[in-house]
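This structure is a prediction, so every number in the text was calculated from the model and none was measured. Below, read A as the first sequence line, B as the second, and so on, with proteins coming before strands; counting in each chain starts at 1.
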Protein chains: 2
Amino acid sequence: MPDAAIGLNAVIVAVTEEVPRILTVRRELAAGGPAEDALPFGPLEPETDRTLDRGLRRWVREQTGLDLGYVEQLYTFGDRNRDPRESHGGPRLVSVAYLALVREVSVSGEARWRDWYEFFPWEDWRDGHPAILDRLAPALDSWVAAAPNPRSRQERRERAEIVFGLGGVAWDGERVLERYELLYEAGLVPEARRDRIERGEADRLPPEDAEPLPARAMALDHRRILATALGRLRGKLKYRPVVFELLPPTFTLLQLQRVVEALAGVRLHKQNFRRLVETGGLVEGTGRQDAQTGGRPAELFVFRREVLRERPAPGVGLPGLRRP
Amino acid sequence: MPDAAIGLNAVIVAVTEEVPRILTVRRELAAGGPAEDALPFGPLEPETDRTLDRGLRRWVREQTGLDLGYVEQLYTFGDRNRDPRESHGGPRLVSVAYLALVREVSVSGEARWRDWYEFFPWEDWRDGHPAILDRLAPALDSWVAAAPNPRSRQERRERAEIVFGLGGVAWDGERVLERYELLYEAGLVPEARRDRIERGEADRLPPEDAEPLPARAMALDHRRILATALGRLRGKLKYRPVVFELLPPTFTLLQLQRVVEALAGVRLHKQNFRRLVETGGLVEGTGRQDAQTGGRPAELFVFRREVLRERPAPGVGLPGLRRP
DNA sequence: CTCGATATGCTCAAGATGAGCATAGGAGAT
DNA sequence: ATCTCCTATGCTCATCTTGAGCATATCGAG
């Protein structure tokens, strides 16, 4: 069986000040090339790492000083030429990506936190319809129109409508990856051009955009990995009590709501949210009050672990977030 | 970056006669050892396989003659010593497992179809509470009692109750993997003994069960992979129209219901199921009728693709299957 | 033509959801 | 002191969804 190299990628998420953040590093991938944002990554040491996630925790600690708590495997990326160094004799690189949720934000080394909506501005609907979608829509239309034949045009149209919620289709917050992949295929993200050039496919380049999208790109396929993470987390939120990994042990209901909103990218009805988490048994009051920030003091709550015994799939699967 | 070998595993699912089946092969893993059921697996060819799932499709075709349609990545298994050959100088083997859904059942080669509930008899609740659970419950109690300290005992009890729905906790059909892993840890499946012996940990063996569970074991960690697949499929059913991958293009509502029940492992209320899929826009009548099997003829339905435009997460997320 | 079997239509109580109104209890300004 | 602004918290209500059942339709077999 021929060999390949196994890499491990980490999407490390924290939420502070109502901003969901991910930990990034700066990397020069092409030696001497431009530095780009990248997800932290490291190798699996086949000899010493007993499991994949132990390997991950090991080098995350080494690189950033962070001790990961909640960790979950996301997806394994193995397309050829994910890393351009492969085409110059490097080994086939297969990367197993993980999602980690943390509370702390102090990191050491070259790591820094970034608002994940800088990478996906179209995903944040908390202030209503994101303005960037008005710029994307016509670009998507051109992509549809540029299809080589009517059948393919029809497919493109349907796909664009479904994933971007156009033409009356409802927006589905979980389709983060599908949206990114469509933009990539349509040549609307810089990675599309860059990858083609790096692979020597300088023919068939998408037209360089006069005015590039106001979104941050990433090295390699890391924005794809990040999109996978965001989509997965949005889904998981609804049926597993993962938000609490991102919150201090004690919090107010509004703090909880703000974190959920930050991840889900939508605003929620306050009273209904409260009803959901309280009558759903997800939290319990401590009797203590918040050293608040203006307004009537709020009660402090804690996560109620017993809910795991009471309900099969406890989460904040609430109004406007529900599945069907 | 040190090298490792990448394997690909396929959990290939079909449903016929209300039985969910998976494709297995017989393998002698220890040369000269006993033949065991295994999932089909093959290597990734780093040079020729452009993507992981292409590699998978390639060797599944080679090994079984099957052309896969719907394929979805499941999970990547990378613990050390998954394959005992590693401890004899073999390379670290990391396997990417895939779930595939097919309609056909004719296979060539050494492959054969097996009822997946032979591997997990406790997962089939279609005829009510599975009898095997009455045998498992006391064995789980012993495992809880055997905890080294009160704290660990409490944790074991809570875990057993949650995953097996004991002590008033509701049964959650999706926790297939958690149940299998608990049984493994508790030494209640033959793989637990076998793996310890193969790793030379012949001390600390779980006691050999006088009367082994009436369930089929698998080679390596393949039953774990299978459990992952079953759990994932049960979950996905509820919010993506994947059942239709397992059905002929045209089907009656009862056929559809039977397939869903076979996968979910529970019986559903017929009229409500019908209401759900019809008013939910998942299917549409063809006007034609079934060459039926006794009783009033049933209308033939087809999957209604337009539902993808109308609802964000269409699936059979119905009564008794819902998340919260 | 009656029975057995399945299909299909319809009802209804209970619960969940979506949206809003009203009141409580703090801090800082006047 | 009291006014104002702000957030917390309690409560209501119309509407939709769910869970469960009854009733009727339409076939084949005896």
Side-chain angles (χ1 to χ4, degrees), chain A residues 17-18 170 238-239 250-261 264 266-301 310-324, chain B residues 17-18 125 170-171 238-239 250-261 264 266-301 310-324:
Chain A
E17 293 140 22
E18 309 185 14
K238 295 168 192 165
Y239 63 91
T250 207
F251 47 81
T252 69
L253 293 184
L254 188 58
Q255 280 169 3
L256 173 61
Q257 182 178 347
R258 291 298 180 228
V259 172
V260 172
E261 288 173 341
V266 287
R267 288 263 168 244
L268 300 170
H269 181 113
K270 190 186 210 176
Q271 292 88 334
N272 291 348
F273 180 82
R274 162 180 283 277
R275 175 175 63 191
L276 184 94
V277 297
E278 277 194 290
T279 71
L282 269 176
V283 298
E284 65 189 332
T286 61
R288 281 177 297 139
Q289 303 222 315
D290 184 28
Q292 89 288 347
T293 44
R296 171 175 171 178
E299 187 173 4
L300 286 168
F301 287 77
E310 296 163 3
R311 288 169 44 200
V316 287
L318 73 160
L321 285 185
R322 262 297 162 62
R323 277 259 150 75
Chain B
E17 293 140 19
E18 308 185 16
W125 288 61
W171 177 267
K238 297 167 192 167
Y239 62 94
T250 205
F251 47 82
T252 69
L253 293 185
L254 187 59
Q255 281 169 5
L256 173 60
Q257 182 179 345
R258 291 298 181 228
V259 173
V260 172
E261 289 173 340
V266 286
R267 289 265 167 242
L268 300 169
H269 182 112
K270 190 184 207 175
Q271 292 88 335
N272 291 348
F273 180 83
R274 165 180 280 280
R275 174 176 63 192
L276 184 94
V277 297
E278 277 195 290
T279 69
L282 268 176
V283 298
E284 67 190 330
T286 61
R288 282 177 299 138
Q289 303 223 312
D290 184 30
Q292 88 289 348
T293 45
R296 172 174 172 178
E299 187 171 4
L300 286 167
F301 287 78
E310 296 163 3
R311 290 169 42 201
V316 287
L318 70 160
L321 284 186
R322 264 296 162 62
R323 278 261 149 73

Donor-acceptor under 3.5 Å ([X] side chain, [Y] main chain):
X: Thr286(A); Y: Leu300(A); result: yes
X: Glu299(B); Y: Gly287(B); result: yes
X: Arg274(A); Y: Leu253(A); result: no

Seminar exercise, completed: Looking only at dA20(D), dC13(D), dG26(C), the nucleotide nearest the Arg275(A) side chain is dC13(D)
Rounded to whole Å, how long is the line connecting atom [atom1] of [X] with atom [atom2] of [N]?
X: Gln271(B); N: dA23(D); atom1: CD; atom2: P; answer: 13 Å
X: Leu254(A); N: dA8(D); atom1: CG; atom2: C1'; answer: 9 Å
X: Arg267(B); N: dG19(D); atom1: CZ; atom2: C1'; answer: 18 Å
X: Arg274(A); N: dA24(C); atom1: CZ; atom2: C1'; answer: 12 Å
X: Glu299(B); N: dG9(C); atom1: CD; atom2: P; answer: 8 Å
X: Asn272(A); N: dA16(C); atom1: CG; atom2: C1'; answer: 10 Å
X: Leu300(B); N: dT6(C); atom1: CG; atom2: P; answer: 17 Å
X: Lys270(B); N: dG21(D); atom1: NZ; atom2: C1'; answer: 14 Å

Problem set entry | Student check: side-chain heavy atoms of Glu278(B) and Phe301(B) closer than 4.5 Å | yes
Exercise. Between dA25(D) and Arg296(B), is there an OP1 or OP2 to side-chain N/O distance shorter than 4.0 Å?
Worked result: no
Exercise. What nucleic acid atoms does Leu253(A) come within less than 4.0 Å of, heavy atoms only: base, sugar-phosphate, or nothing?
Worked result: nothing
